[in-house]
K.L.:
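Sharing a structure with you now.
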Amino acid sequence: MQAQSMLSGSCPNYKIPSIPTFKNPFFSSLTSNPSFHFFLQSHNYVSFKTHHSPCLKGFLKKLLFCVNTTENDVFEEKDYKKPQFVKRKKLAVFVSGGGSNFKSIHEACFQGLIHGDIVVLVTNKPDCGGADYGRSKEIPVVLFPRPKDEPDGFSPSDLVAALRSLEVDFVLLAGYLKLIPAELIRAYPQSILNIHPSLLPAFGGKGYYGMKVHKAVIASGARYSGPTIHFVDEHYDTGRILAQRVVPVLANDTAEELAARVLQEEHQLYVEVTAALCEERIIWREDGVPLIQSRENPNEFS
Ligand SMILES: Nc1nc2c(c(=O)[nH]1)N[C@@H](CN(C=O)c1ccc(C(=O)N[C@@H](CCC(=O)O)C(=O)O)cc1)CN2
Ligand SMILES: NCC(=O)N[C@@H]1O[C@H](COP(=O)([O-])[O-])[C@@H](O)[C@H]1O
């Protein structure tokens, strides 16, 4: 039996065919069914609990295969009587500056909006605002990369080992201004996100960071800008785009005014995306485009 795509949260790293599949009437029966919901099972788990109404029971058994399963792994119906659990995730955040995105994510974890915890802060600027905030919250602060001619700081292999020992699940770059080495990217495939303050692929790449981005946007005459969250690959800002928000660029905007408008959207967007990441609601389309599955309506993707 050919492995088929699945849509529940019970099997991460699954692939789905291109969007037309979601017009399949089965999906509407799944999500329109009032009994399909999930709730926070405990501090450690988010559970996807499906009260098996008759129409749902058979449907789930047919549908819920993962690409990475074989016939032997077909989930038995009994499996679906037990709620599907999602483990609380461990996050590493990388900063170089003020750390307002880091703070937004940390606060969202504390408020229960993100099913995860920040277990380490990594920075190349140990005296930056983000590092100060991390220390004030008793989050371990790690220096990376090791500055030239300085004994402190981690090498790439040290950093990977440290993240592994802390059981980090995902890495979030939030205003980090150094190139992430291939070693770390290999160690965390499809698990490193970055937020950039323009609508990539425009105004991205080497030299495009902080106010430089907003100045270039205004100078270009662009009428819209906004944050992009993308997966990180070996180059600056070329990884797969996961989410964007659009804000207007006003005729008399200064770079500072535009930066503030974009940053406000960044804070909301990074919390929403990190929440989806920690709830395993990121789904990879067959053509390699990552999508976010709606929490409220699992057959809706954005
Ligand atoms: N492997 C990757 N590493 C990083 C990425 C990425 O996409 N892949 N994103 C950056 C963040 N970023 C844009 O979002 C970015 C940061 C810095 C630069 C840049 O030109 N940096 C300067 C040095 C600046 C400094 O040290 O003050 C440079 O490399 O010359 C461009 C884009 C984080 N890492
Ligand atoms: N190219 C990377 C880049 O420019 N990142 C940008 O740095 C700022 C960090 O602010 P914060 O430290 O207050 O989160 C944010 O605007 C982020 O998009």
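Atoms within a ligand are numbered from 1 in the order they appear, just like the ligands themselves.
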K.L.:
Which is it for Y208 and ligand 1 at heavy atoms under 4.0 Å: side chain, backbone, both or neither?
P.N.:
backbone
K.L.:
Regarding S225 and H214, do their side chains bring together a donor and an acceptor under 3.5 Å, going by distance alone?
P.N.:
no
K.L.:
Quick check on R223: does its CZ atom have over 12 non-hydrogen neighbours (other residues, nucleotides or ligands) under 6.0 Å away?
P.N.:
no
K.L.:
Could you tell me whether N194 approaches ligand 1 through its side chain, its backbone, both or neither, with non-hydrogen atoms closer than 4.0 Å?
P.N.:
side chain
K.L.:
Is there any N or O on L179 that sits under 3.5 Å from an N or O of ligand 1?
P.N.:
no
K.L.:
Sequence neighbours excluded, which residues qualify as side-chain hydrogen bond (donor to acceptor under 3.5 Å, both in side chains) partners of E183?
P.N.:
none
K.L.:
Which one holds for V232 and ligand 1: side chain close, backbone close, both close, or neither close, with close meaning a heavy atom under 4.0 Å?
P.N.:
side chain
K.L.:
Which option out of K178, E234, K206 puts a heavy atom nearest to atom 30 (O) of ligand 1?
P.N.:
K206
K.L.:
Please determine if Y176 has a nitrogen or oxygen closer than 3.5 Å to a nitrogen or oxygen of ligand 1.
P.N.:
no
K.L.:
Can you tell me if T238 has a non-hydrogen atom under 4.0 Å from ligand 1?
P.N.:
no
K.L.:
Could you see which bit of Y209 sits under 4.0 Å from ligand 1, with heavy atoms only: side chain, backbone, both or neither?
P.N.:
side chain
K.L.:
Mind checking what residues have non-hydrogen atoms under 4.0 angstrom from ligand 2?
P.N.:
G98, G99, S100, N101, G175, I195, H196, P197, Y208, Y209, G210, L263, E266
K.L.:
Does an N or O anywhere in G205 fall below 3.5 Å from an N or O of ligand 1?
P.N.:
no
K.L.:
Which of the atoms of ligand 1 are close to H230, meaning less than 4.0 Å from one of its heavy atoms?
P.N.:
7 (O)
